[in-house]
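To start, the structure itself, in C-alpha cells.
Just so it is clear, the structure is predicted and the values come from calculations on it, not from any experiment.
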Amino acid sequence: MTTGEKISYLRKKYSMTQPILAEKMAVSQSTITSWENDRRSVGNEDLVKLADLFHVTTDYLLGREIKDDLLVAAHMDDDLTDEQKKEIEEYIEFKKAQYRKQHEKD
C-alpha cells in the first residue's frame with residue numbers, strides 16, 4: 001500500500017471526508033486528494049500530524065517495515081484470495097503500528 005493509499009484507508013476508517021481531514025490538517029481538500037493519489041508527497045510536519053491523528057507511526061505511513069518481536073497470532077483460511085490475504089496482512093501491520101505508537105508514550 002502506498003502512503004496515499006494508507007492515508008485514504010485511515011481517513012475512511014475514521015469516517016472522515018476529505019474536507020474534514022483537510023480542516024483537521026489545516027490544508028486544502030485538493031492537498032488531501034493529491035496525497036491520497038500519490039501526486040504530492042506529504043511533508044515531514046504533516047506526516048507527523050497524520051500519524052498523531054490516526055494513532056499510527058510515521059514508519060507505518062511511509063511503508064517502512066520494522067523488524068521487532070511484536071507477534072500477532074493469526075489464522076488465514078485457505079479459501080481466501082491473495083488480495084484478501086494481503087489486506088489482512090496490511091491490517092495486522094496497521095494494528096502493530098498503532099500498538100507501538102500508543103506504547104511509545106508510556
Side-chain angles (χ1 to χ4, degrees):
M1 218 188 288
T2 67
T3 297
E5 289 169 335
K6 287 179 182 176
I7 294 168
S8 177
Y9 168 78
L10 291 166
R11 175 179 60 77
K12 292 171 186 171
K13 182 179 184 334
Y14 282 83
S15 302
M16 285 186 210
T17 61
Q18 284 186 343
I20 290 171
L21 180 56
E23 183 178 324
K24 288 182 181 290
M25 294 295 297
V27 298
S28 68
Q29 181 183 346
S30 65
T31 296
I32 301 297
T33 301
S34 294
W35 289 345
E36 289 185 1
N37 292 321
D38 294 303
R39 288 192 311 253
R40 183 172 173 185
S41 296
V42 182
N44 291 342
E45 288 181 28
D46 288 326
L47 195 65
V48 170
K49 281 186 190 177
L50 286 165
D52 289 342
L53 179 66
F54 294 128
H55 309 288
V56 297
T57 64
T58 54
D59 282 340
Y60 169 77
L61 290 172
L62 293 171
R64 183 169 181 253
E65 287 191 37
I66 299 172
K67 303 296 180 199
D68 59 21
D69 295 331
L70 183 60
L71 300 175
V72 176
H75 170 76
M76 288 192 252
D77 293 329
D78 292 334
D79 62 345
L80 296 174
T81 66
D82 287 342
E83 185 176 322
Q84 290 169 323
K85 288 178 185 176
K86 186 174 191 282
E87 187 174 331
I88 290 168
E89 289 166 0
E90 288 172 349
Y91 184 73
I92 289 170
E93 289 305 311
F94 162 72
K95 293 306 288 182
K96 286 168 73 173
Q98 269 189 326
Y99 176 84
R100 282 190 294 273
K101 182 74 172 180
Q102 289 168 348
H103 289 84
E104 283 175 1
K105 298 174 185 177
D106 295 342

Indicate yes or no: does E89 engage K85 in a salt bridge with an N to O separation below 4.0 Å.
-> no

With rounding to the nearest 0.5 angstrom, report the [atom1] to [atom2] distance, [X] to [Y].
X	Y	atom1	atom2	answer
D38	I7	CG	CD1	8.0 Å
K86	T81	NZ	OG1	11.5 Å
L47	S41	CG	OG	10.0 Å
H55	Q98	NE2	CD	7.5 Å
Y60	K95	OH	NZ	10.5 Å

Should [X] and [Y] count as side-chain neighbours, where that means a heavy-atom distance under 4.5 Å?
X	Y	answer
E5	S8	no
L61	V42	no
L10	L53	no
F94	F54	no
L50	V56	no

Transitive ILVMFWY side-chain link V48 to L62, under 4.5 Å = no

Determine whether more than 12 heavy atoms belonging to other residues, nucleotides or ligands lie under 6.0 Å from atom CD of Q84.
-> yes

Check the pair K13 / Y91 against side-chain contact (heavy atoms from CB on, under 4.5 Å), numbers first and verdict last.
-> CA-CA 11 Å; K13 182 179 184 334; Y91 184 73; 4.2 Å; yes

T31 meets the side-chain contact (heavy atoms from CB on, under 4.5 Å) criterion, sequence neighbours left out, with V27, S28, W35, R40

K49 and E45: CA distance, side-chain angles, deciding distance, salt bridge (charged side-chain N to carboxylate O under 4.0 Å, His left out) verdict = CA-CA 6 Å; K49 281 186 190 177; E45 288 181 28; over 6 Å; no

Minimal non-hydrogen separation, [X] against [Y], with atom names:
X	Y	answer
G63	K6	CA-NZ, 3.3 Å
T57	A97	CG2-O, 3.6 Å
T33	Q18	OG1-OE1, 2.8 Å

CA sep, side-chain torsions, deciding dist, call: R11, I20, side-chain contact (heavy atoms from CB on, under 4.5 Å) | CA-CA 9 Å; R11 175 179 60 77; I20 290 171; over 6 Å; no

Residues E93, K96; criterion salt bridge (charged side-chain N to carboxylate O under 4.0 Å, His left out); working and verdict | CA-CA 5 Å; E93 289 305 311; K96 286 168 73 173; 3.6 Å; yes

